[in-house]
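Heavy atoms only: backbone and side chains are in, while hydrogens, waters and symmetry mates are out.
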Amino acid sequence: MSDQSAPGHTLVVTNDFPPRAGGIQAFVQGLVSRQPPESITVYAPKWARCEEFDAEQSFEVVRHPTSLMVPEPMVIRRATALVHSRGATRVLFGAAAPLGLIAGPLRKAGAHTIVALTHGHEAGWAML
């Protein structure tokens, strides 16, 4: 994600982001915090005290109105609108499942590079 020569913006679409506690949440936050702040927008669920947390970040955080995002029309519309409005050419999913299922519409909206992290239950599903 730190390819400085590649123009564009990265939209991070994830259920796993602070202030919700957890290892993957901290990993995703640490990953995006090391990128140029103007190159990142995080789209994540709303959690208690997220406004205070988001105000301390150097990058933009857009919160979904609920505490869980699933690949349903409202999430697709909001994520697609963010790709358009931010000029995002890259999308990072904090987890492949379930939000990776909206990769197709985001690609149609203009995302050229799409990456999904896998951890926890995704690794278990892959082994099955």
Side-chain angles (χ1 to χ4, degrees):
M1 279 183 45
S2 63
D3 180 2
Q4 300 287 6
S5 64
H9 196 83
T10 301
L11 175 64
V12 179
V13 180
T14 185
N15 277 306
D16 303 313
F17 200 72
R20 182 180 178 201
I24 189 60
Q25 290 82 352
F27 177 80
V28 173
Q29 194 267 339
L31 184 66
V32 299
S33 68
R34 287 166 174 77
Q35 304 307 308
E38 67 281 356
S39 73
I40 297 285
T41 298
V42 175
Y43 177 38
K46 186 174 186 172
W47 287 97
R49 298 178 305 282
C50 66
E51 294 84 3
E52 296 87 1
F53 175 84
D54 295 350
E56 296 174 359
Q57 305 311 303
S58 60
F59 49 85
E60 178 184 35
V61 181
V62 176
R63 293 291 176 168
H64 190 72
T66 64
S67 62
L68 178 65
M69 296 178 355
V70 294
E72 52 90 19
M74 184 205 285
V75 171
I76 295 169
R77 279 193 307 275
R78 287 171 171 261
T80 300
L82 288 168
V83 166
H84 284 298
S85 65
R86 302 319 190 264
T89 57
R90 300 177 295 255
V91 172
L92 171 68
F93 290 104
L99 291 171
L101 293 172
I102 69 171
L106 297 184
R107 188 173 301 285
K108 287 180 186 174
H112 301 290
T113 303
I114 299 176
V115 175
L117 303 176
T118 59
H119 54 86
H121 69 90
E122 289 108 346
W125 285 110
M127 291 188 312
L128 285 176

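With contacts defined as side-chain heavy-atom distances shorter than 4.5 Å, the pair Leu92/Leu31 qualifies. Inter-residue side-chain proximity for Gln35 and Val12 is flagged as unmet; no heavy-atom pair is nearer than 4.5 Å. Taking the side chain as every heavy atom from C-beta outward, Phe27 and Leu117 approach each other to under 4.5 Å. Contact of the Leu99 side chain with the Tyr43 side chain is not registered, since no non-hydrogen atoms from C-beta on lie closer than 4.5 Å. Within the 4.5 Å cutoff, the side chain of Met74 has no heavy atoms near those of the Met69 side chain.
Here the options are His84, Arg77, Arg78, the test is side chain to side chain contact (heavy atoms under 4.5 Å, CB included), and the partner is Thr80; only His84 passes.
Between Thr14 and Pro45 the shortest heavy-atom distance is O-CD, 3.1 Å. Residues Pro37 and Ser58 approach most closely at CB-O, 3.0 Å, considering heavy atoms. Between Trp47 and Arg63 the shortest heavy-atom distance is CD1-NH1, 4.1 Å.
Placement of Val42 and Leu82 in two distinct hydrophobic clusters is found when ILVMFWY residues are connected by side-chain heavy-atom separations under 4.5 Å, directly or transitively. The hydrophobic cluster containing Phe17 also contains Ile40, counting ILVMFWY residues as joined when their side-chain heavy atoms lie under 4.5 angstrom apart, directly or transitively.
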- Task: Take Asn15 and Leu68 through the side-chain contact (heavy atoms from CB on, under 4.5 Å) test and state the conclusion after the steps.
- Result: CA-CA 6 Å; Asn15 277 306; Leu68 178 65; 3.8 Å; yes
- Does the pair His9 and Glu38 meet the rule for a side-chain contact (heavy atoms from CB on, under 4.5 Å), with working shown? CA-CA 8 Å; His9 196 83; Glu38 67 281 356; over 6 Å; no
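Within the 3.5 Å criterion, the main-chain N or O of Gly30 finds a donor-acceptor partner in the side chain of Arg34.
Judged purely by distance below 3.5 Å, without hydrogens or angles, the side chains of Arg90 and Thr10 pair a donor atom with an acceptor atom.
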